[in-house]
Colleague: 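For reference, the structure I am asking about is given below.
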There are 2 protein chains.
Amino acid sequence: MSGQEKPGRKPTSFDVARRAGVSRAAVSRTFTPNASVSPETREKVVKAAKELGYRVNYLARGLINRRSDFVGVVAAGMDNPFRAMQIEQITKKLVRRNFRPILLPADHGESADHVMDQLLHYNVSGVLVTSDAPPTALCAEFAAAGVPIVLINKADAIPAVDRVVCDTDTAGRLAATTLLEAGARHLAVVSASAISYTARRRQQAFLACCHALEADVRVIPVAVNDYANGLAAAERLDGVDGVFCVNDYMACGLIDGLRRRGVAVPHSVRVIGHDDVPQAAWGSYELTTMRQPCDLQADQAIDLLTSRMAEPEMAERVELTPVTLVRRATA
Amino acid sequence: MSGQEKPGRKPTSFDVARRAGVSRAAVSRTFTPNASVSPETREKVVKAAKELGYRVNYLARGLINRRSDFVGVVAAGMDNPFRAMQIEQITKKLVRRNFRPILLPADHGESADHVMDQLLHYNVSGVLVTSDAPPTALCAEFAAAGVPIVLINKADAIPAVDRVVCDTDTAGRLAATTLLEAGARHLAVVSASAISYTARRRQQAFLACCHALEADVRVIPVAVNDYANGLAAAERLDGVDGVFCVNDYMACGLIDGLRRRGVAVPHSVRVIGHDDVPQAAWGSYELTTMRQPCDLQADQAIDLLTSRMAEPEMAERVELTPVTLVRRATA
DNA sequence: TCCTTTCTTGCACACGTGTACAATTTCATG
DNA sequence: CATGAAATTGTACACGTGTGCAAGAAAGGA
């Protein structure tokens, strides 16, 4: 219409300023929180901006602020339904707080390095890591570069790196006592403790509790905490009548494996899982499990992130996510 | 060490140039594909960059190129395992092609507008939409702004908006014939056809095939295609001995509902689903279903995206994703 | 009316990069 | 050696924005 602005280009603050009859600074201030603009000016600017379809270029804003609205979300193992829930909660809450989540799937340990490295090119506001194998060196590099970083359910204690960890002690203890209460006398824990921090910790707490109560218990190690390994583990449970699977995903496999062998659950073998994924409540499983509230956990993680953005020099913190027992049919 | 660069700041191409004893343009060219730099210069620059821990600022690059590496991924209903698979595949493949996926969960129709609108601030390279309710007006606005946009399994035909759609005709036909072959004579389709395009199309194809074969068939409408509605739908199947659920997520609920009522599957009622989610292969379900290859689908979508980035003025295209029958125990 | 205080506004610089253009160097060829 | 072509390099501008600073306007008090 006006023909002033260059044709195939998106309108800039210059275009809006000219149309509104004000300076470009006034436009910038209109769209910057806590900036000083008179109501009349603001109104003129907003009107012109709407007419032109103007949007602030956040790339340019991020350039000058030396900080973008992006938050890296490093995740792996999305076949596990719990991970899917986690990612949904995290991204929803980030968006609600006006961050933009960059989702980085990092399944193969090698690629995790490469992929996380990319984040350093974007001046991200922070990073959330739920991957099982966060490269410690790289995490430290982020922290050193002043990028807030929060690990969820991970082990490594790194200076200036905050963590959110689910209450593994309570989980292990509740699992043991619940199985015993249900009448089990020969317990087992199925766990890939070599690769997963929380699996290792839950296993340790479970064993400690069993020993304290002088209960018979053994460890069934698996390679990965997934359905297939749970299914296979059912073949190795002779003489066991109570099983703690370190996550529900694997517990579903275990139950299916037991049923295939004709073993009655919970009559012959009691099973307890962890996470309370949707499938745990499904009619075919009715799995007794430990609810890990991943919506609360997401809030905790983002709170840690934002508080460190405000005070980068803080000492690192560890936040504990509470677990609660969900009684269903399998124990 | 050198003390030249400002302290607490990340090194810039200036710092690298000074240290390498070259111009800043040489640094830029070193990190720009297809730019002309001599091997010696490149080596000096790379060395200096490594020593300083320099990373190209992609925000600045995106500013001058008028295009960022970001691709918006709008998704909803991540409780459905198929959606989780989809998102995993899409983000993995995007990252592999050097894009950065911005994941935007858009469950409530109202928020989808707001959330997608945000993308226009980032000069994204493109947008992938798997949400059930993509705001048509907004999609058109993206296309008008020259942002490539691809809808996955969505209805609306919009100028310059490409689409990937799973082969609903084959799916519906295969579902009907497979149920009939398995001995079913009184068919039903369970579907929330009001809110989901693919559900509606699959239902139509299923009904058309049934009518062509003069088979008895009825429609069981539900509000949402999820587990809970599948579970409830099992109460409304009197006289039915063959059911097509428009997705596996709901089929799992339906089977659990039938079992709860003591109905034998597949002896009394045959069930067929769609998507081939991991749970369909689980021992408790053994669900016969239609595999929707979401890895291939992701490739198709990204191919459409990149080809339109190269040629923005193309007429809109529709790519068909093939489905294949996976025979298991329920039909 | 005059002075002081508070608000608002515009100018100009900075953020970190890509690239057109011209200047320079390299190199093969006659 | 002369010459033209090709490759490399540096200068300078552009991308679109936030904000310090000083100047001006408005408001309030004596």
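Reminder, nothing fancy here: chain letters follow the sequence lines and each chain counts from 1.
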Colleague: Within the 4.0 Å heavy-atom criterion, would you say Phe14(A) contacts the bases, only the backbone, or no part of the nucleic acid?
Modeller: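 It contacts base atoms.
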Colleague: List the atom of Arg67(A), the atom of Gly146(A), and the distance in Å for their closest heavy-atom pair.
Modeller: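 Scanning both residues, the minimum pair turns out to be NH2-O, 3.6 Å.
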Colleague: Round to a whole Å and report the spacing from CZ of Arg42(B) to C1' of dT9(D).
Modeller: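 After rounding, the reported distance stands at 14 Å.
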Colleague: What is the distance from CZ of Phe31(B) to P of dG16(C), rounded to the nearest Å?
Modeller: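 Taking atom P of dG16(C) as the reference, CZ of Phe31(B) is at 16 Å.
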Colleague: Decide yes or no on side-chain hydrogen bond (donor to acceptor under 3.5 Å, both in side chains) for Asp299(B) and Gln89(B), but give the supporting numbers first.
Modeller: CA-CA 9 Å; Asp299(B) 277 324; Gln89(B) 290 297 328; over 6 Å; no
Colleague: Distances under 3.5 Å between protein N/O atoms and the N/O atoms of nucleotides 5-12 of chain C, please, pair by pair.
Modeller:
{"from": "dT8(C)", "atom 1": "OP2", "to": "Ser36(A)", "atom 2": "OG", "distance (Å)": "3.1"}
{"from": "dT9(C)", "atom 1": "OP1", "to": "Ser38(A)", "atom 2": "OG", "distance (Å)": "2.9"}
{"from": "dT9(C)", "atom 1": "OP1", "to": "Thr41(A)", "atom 2": "OG1", "distance (Å)": "2.2"}
{"from": "dT9(C)", "atom 1": "OP2", "to": "Ser38(A)", "atom 2": "N", "distance (Å)": "3.1"}
{"from": "dG10(C)", "atom 1": "OP2", "to": "Ser23(A)", "atom 2": "N", "distance (Å)": "3.0"}
{"from": "dG10(C)", "atom 1": "OP2", "to": "Ser23(A)", "atom 2": "OG", "distance (Å)": "2.8"}
{"from": "dG10(C)", "atom 1": "N7", "to": "Arg29(A)", "atom 2": "NH2", "distance (Å)": "2.8"}
{"from": "dG10(C)", "atom 1": "O6", "to": "Arg29(A)", "atom 2": "NH2", "distance (Å)": "2.9"}

Colleague: To the nearest Å, how far apart are Asn57(A) CG and dT17(D) C1'?
Modeller: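 The answer, rounded to whole Å, is 8 Å.
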Colleague: Going by the rule side-chain hydrogen bond (donor to acceptor under 3.5 Å, both in side chains), which residues pair with Asp303(B) if we only count those two or more places apart in sequence or in a different chain?
Modeller: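 Arg97(B).
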Colleague: What pairs with Tyr197(A) under ring pair (Phe, Tyr, Trp, His ring centres under 6.0 Å), at least two apart in sequence or on another chain?
Modeller: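 If we apply the ring pair (Phe, Tyr, Trp, His ring centres under 6.0 Å) test to Tyr197(A), skipping adjacent residues, there are no hits.
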Colleague: Would you kindly give the NZ-to-P distance between Lys10(A) and dC15(D), to the nearest whole Å?
Modeller: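 So the NZ-P distance, Lys10(A) to dC15(D), works out to 15 Å.
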Colleague: With a 4.0 Å limit, can you tell me whether Ser13(B) has a side-chain N or O closer than that to the phosphate oxygens OP1/OP2 of dG16(C)?
Modeller: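 Ser13(B) to dG16(C) OP1/OP2: no side-chain N or O under 4.0 Å.
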Colleague: Mind checking Thr12(B) for me? I need base, sugar-phosphate or nothing, with any heavy atom below 4.0 Å counting as a touch.
Modeller: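 Counting heavy atoms under 4.0 Å across all strands, the contact made by Thr12(B) is with sugar-phosphate only.
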Colleague: With side-chain hydrogen bond (donor to acceptor under 3.5 Å, both in side chains) as the test, would you mind laying out the steps for Arg317(B) and Ser307(B) before giving the verdict?
Modeller: CA-CA 11 Å; Arg317(B) 298 156 292 172; Ser307(B) 64; 3.0 Å; yes
Colleague: Which one, dC15(C), dT17(D), dG18(C), comes nearest to the side chain of Tyr54(A)?
Modeller: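 It is dT17(D).
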Colleague: Starting at CG of Leu59(A) and ending at P of dG18(C), how long is that distance when rounded to a whole Å?
Modeller: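 Those two atoms, CG and P, are 13 Å apart.
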Colleague: Tell me what Val27(B) touches on the nucleic acid: a base, only sugar-phosphate, or nothing, going by heavy atoms under 4.0 Å.
Modeller: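 Touches nothing.
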Colleague: Contact class for Arg55(A) (heavy atom, under 4.0 Å): base, sugar-phosphate, or nothing?
Modeller: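 Here Arg55(A) touches the backbone only, sparing every base.
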Colleague: How sharply is the helix from dT1(C)-dA30(D) to dG30(C)-dC1(D) bent, taking the axes over five pairs at either end and rounding to 10 degrees?
Modeller: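 Roughly 30° between the end axes, to the nearest 10°.
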Colleague: Measure from the side-chain heavy atoms of Leu63(A) and tell me the nearest of dT19(C), dG16(D), dC15(D).
Modeller: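 Of dT19(C), dG16(D), dC15(D), dG16(D) is nearest to the side chain of Leu63(A).
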Colleague: Report yes if some heavy atom in the side chain of His121(B) is under 4.5 Å from a heavy atom in the side chain of Arg61(A); otherwise report no.
Modeller: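 His121(B) vs Arg61(A): side chains apart.
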Colleague: Could you give the CZ-to-C1' distance, from Arg61(A) to dC15(D), as a whole number of Å?
Modeller: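 Whole-Å distance recorded here is 16 Å.
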Colleague: Angle class for the Tyr122(A)/Tyr58(B) ring planes (parallel below 30°, perpendicular above 60°, tilted otherwise)?
Modeller: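 Perpendicular, since the angle between the ring planes exceeds 60°.
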Colleague: Among residues at least two apart in sequence or on other chains, which ones pass ring pair (Phe, Tyr, Trp, His ring centres under 6.0 Å) with Phe142(B)?
Modeller: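 Phe142(B) satisfies ring pair (Phe, Tyr, Trp, His ring centres under 6.0 Å) with no residue once adjacent residues are dropped.
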Colleague: Just do the side-chain hydrogen bond (donor to acceptor under 3.5 Å, both in side chains) check on Asn123(B) and Lys10(A) with the steps written out, would you?
Modeller: CA-CA 10 Å; Asn123(B) 282 16; Lys10(A) 295 171 68 173; 3.2 Å; yes
Colleague: Round to the nearest Å and state the distance from Asn65(B) atom CG to dA20(C) atom P.
Modeller: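 Spelled out: CG on Asn65(B) to P on dA20(C) is 11 Å.
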Colleague: Run the side chain to side chain contact (heavy atoms under 4.5 Å, CB included) test against Thr30(B) and tell me which residues pass, sequence neighbours left out.
Modeller: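 Side chain to side chain contact (heavy atoms under 4.5 Å, CB included) list for Thr30(B), sorted by chain: Val37(B), Arg42(B), Val45(B), Val46(B).
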Colleague: Distance check needed: dA12(D) P versus Ile64(B) CD1, whole Å only.
Modeller: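 Distance, rounded to whole Å: 16 Å.
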Colleague: If the cut-off is 4.0 Å, is Arg66(B) near the phosphate of dA14(D), judged by side-chain N/O to OP1 or OP2?
Modeller: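 So the side-chain polar atoms of Arg66(B) never come under 4.0 Å of the phosphate oxygens OP1 or OP2 of dA14(D).
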